[in-house]
Amino acid sequence: MPELPEVEVVRRGVAAHAVGRRIENAEIRGTRVARRHLPGPEDLAARLTGRSVVAVARRGKFLWLALDADEALVVHLGMSGQLLVADPERPDPAHLHARFVLDDGQELRFVDQRTFGGLALAGMDADGIPEPVRHIARDPFDPLFAPAEVAARMVRSSSGIKRLLLNQRLVSGIGNIYADEALWRARIHGERPGERLTRPAIVRLLGHARDVMAAALEQGGTSFDALYVNVNGQSGYFDRRLRAYGQEGRPCERCGTLIRREHFMNRSSHFCPRCQPVPRCGLPHSAHQG
DNA sequence: CCAACTACCTGTTAGC
DNA sequence: TGCTAACAGGTAGTTG
């Protein structure tokens with residue numbers, strides 16, 4: 001379940017090992033990992049061979065290896081994807097889908113149990129954003145992230161605020177874990193419609209999202225089931241600091257009320273029923289926009 | 001255009 | 001013991 005902090009940990013690891021290196025050999029196994037690379041896995045492997053890694057960048061949960069000639073190897077980790085730097089002597093792990101042999105003899109491996117992740121080669125625009133990432137909004141770590149503008153869009157929506165937080169076209173990088181954590185910090189229930197919040201309240205909420213993700217990044221990210229690891233195969237420690245996500249039945253750290261879990265969008269929402277009261281299913285809002 | 005629903009996956013765990 | 005079902009959930013495509 002890598003979200004922004006976990007992807008950033010991976011980005012830093014890949015950058016430290018791969019920038020300035022040449023891809024001596026590329027191996028793509030199976031078709032699914034390259035399903036978003038329309039010309040197919042053989043084309044992907046052939047076009048990556050011999051390329052140099054110029055930089056490793058990220059927006060939201062997408063990361064990419066910027067290559068020579070303004071192209072990028074776009075990587076999405078999906079639910080369970082891992083990028084691992086390994087000595088070639090180490091045996092292949094289960095679910096190895098791609099291997100890149102670098103010119104220092106080390107391998108960059110893409111491993112993914114649930115195969116929601118994938119790889120694609122794409123061109124970059126003038127801002128250095130690959131084509132498959134163009135529709136993804138800036139994330140809260142982006143220097144040009146504009147919370148007031150995001151809030152202005154959110155207060156025009158009747159959707160629940162958690163749904164809006166998870167909408168990668170509005171703000172990227174936030175997944176189920178950090179959405180629940182940000183809402184707990186802001187004392188807002190995730191089903192409050194955007195239009196029932198004020199713009200300053202949403203700006204504060206986005207600030208909480210940024211803060212909790214920054215704190216998680218300092219701990220090396222959150223890991224629940226050892227699926228998320230950095231490029232050396234190590235887990236982060238932020239799961240010990242979670243206050244809502246995964247805390248069902250435990251007392252809220254602020255008020256002691258037991259944290260509740262409810263089904264939401266085929267997943268779970270965790271919240272404190274006292275600090276984050278369920279919105280009264282009130283009347284259909286008369287609009288108040290300006 | 002916007003909102004909501006679903007397919008895509010597999011290892012682990014809970015329940016019978 | 002062995003089987004089945006639930007669960008984890010980000011993205012893209014479809015439907016309304």
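Sequence lines set the chain letters: A, B, ... in the order given, protein chains first and strands last, and positions in each chain run from 1.
Counting only residues at least two apart or in different chains, ring-ring contact (aromatic ring centres under 6.0 Å, His included) contacts with residues 68-111 of chain A comprise A:F62-A:H76. For residues 150-183 of chain A, the set of pairs meeting the ring-ring contact (aromatic ring centres under 6.0 Å, His included) definition, not counting sequence neighbours, is empty.
When the C1' atom of C:dG10 is taken as reference, atom OH of A:Y245 falls 12 Å away, rounded to whole Å. In this structure, A:I174 places its CD1 atom 15 Å from P of C:dG9, rounding to the nearest Å. If you measure from atom CZ of A:F116 to atom P of C:dG10, you get 10 Å, rounded to the nearest angstrom. Atom CZ of A:R261 and atom P of C:dC7 are 7 Å apart (whole Å). In this structure, A:L4 places its CG atom 11 Å from P of C:dT11, rounding to the nearest Å. Between A:R59 atom CZ and C:dT11 atom C1' there is a gap of 17 Å when expressed in whole angstrom units. Rounded to an integer number of Å, the gap from CG of A:L165 to P of C:dT11 is 14 Å. When rounded to the nearest whole Å, the span between CG of A:N266 and P of C:dA6 equals 12 Å.
Between the A:Q168 side chain and the A:G60 main chain, no donor and acceptor come within less than 3.5 Å of each other.
Heavy-atom contacts from other residues, nucleotides or ligands closer than 6.0 Å to CZ of A:R35 number more than 12. Atom CD of A:E71 sits in a crowded spot, with more than 12 heavy atoms from other residues, nucleotides or ligands closer than 6.0 Å.
Applying the ring pair (Phe, Tyr, Trp, His ring centres under 6.0 Å) rule to A:F271 yields the partners A:H189; only residues at least two apart in sequence or on another chain are considered. For A:V9, the side chain to side chain contact (heavy atoms under 4.5 Å, CB included) criterion is met by A:L217, A:Y228, A:N230, not counting sequence neighbours. The salt bridge (charged side-chain N to carboxylate O under 4.0 Å, His left out) check on A:D112 picks up nothing, with sequence neighbours excluded. Under the rule for a side chain to side chain contact (heavy atoms under 4.5 Å, CB included), the partners of A:R254 that lie at least two apart in sequence or sit in another chain are A:W184, A:R187, A:C252, A:C275. Annotation: side chain to side chain contact (heavy atoms under 4.5 Å, CB included) contacts of A:R210 (sequence neighbours excluded): A:P140, A:F141.
Residue A:R35 is out of contact with every strand shown, counting any heavy-atom pair closer than 4.0 Å. Counting non-hydrogen atoms under 4.0 angstrom, A:D112 reaches nothing in the nucleic acid.
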Side-chain donor/acceptor pairs under 3.5 Å, residues 257-266 of chain A, sequence neighbours excluded:
from	atom 1	to	atom 2	distance (Å)
A:R261	NE	A:E248	OE1	3.1
A:R261	NH1	A:S268	OG	2.8

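Interface residues of residues 26-33 of chain A facing DNA chain C, ordered by number: none; criterion, heavy-atom separation under 4.0 Å.
Within the 4.5 Å cutoff, side-chain heavy atoms of A:F145 are placed close to those of A:L206.
Using five terminal pairs a side, the axes of the helix from B:dC2-C:dG16 to B:dC16-C:dG2 at its two ends make an angle of 50°, given in steps of 10 degrees.
Once you apply a 4.0 Å limit to the heavy atoms of chain A, the touched nucleotides of DNA chain B run 5' to 3' over B:dA3 to B:dG11.
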Each nucleotide N or O in nucleotides 12-15 of chain C that has a protein N or O under 3.5 Å away: list the pair and distance.
from	atom 1	to	atom 2	distance (Å)
C:dA12	OP1	A:R36	NH1	2.8
C:dA12	OP2	A:H135	NE2	3.0

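Residues A:T115 and A:N167 both approach DNA chain B. Their nearest nucleotides, taken by heavy-atom distance, put A:N167 toward the 5′ side. The nearest heavy atom of DNA chain B to A:R267 and to A:R153 marks one nucleotide each, and the one closer to the 5' end goes with A:R153.
Here the options are A:V56, A:L63, A:L84, the test is side chain to side chain contact (heavy atoms under 4.5 Å, CB included), and the partner is A:V10; only A:L63 passes. Exactly one of A:V85, A:N25, A:I23 qualifies for a side chain to side chain contact (heavy atoms under 4.5 Å, CB included) with A:L102. That residue is A:I23.
Applying the 4.0 Å criterion to OP1 and OP2 of C:dT11, one finds that A:H76 has a side-chain N or O inside that range.
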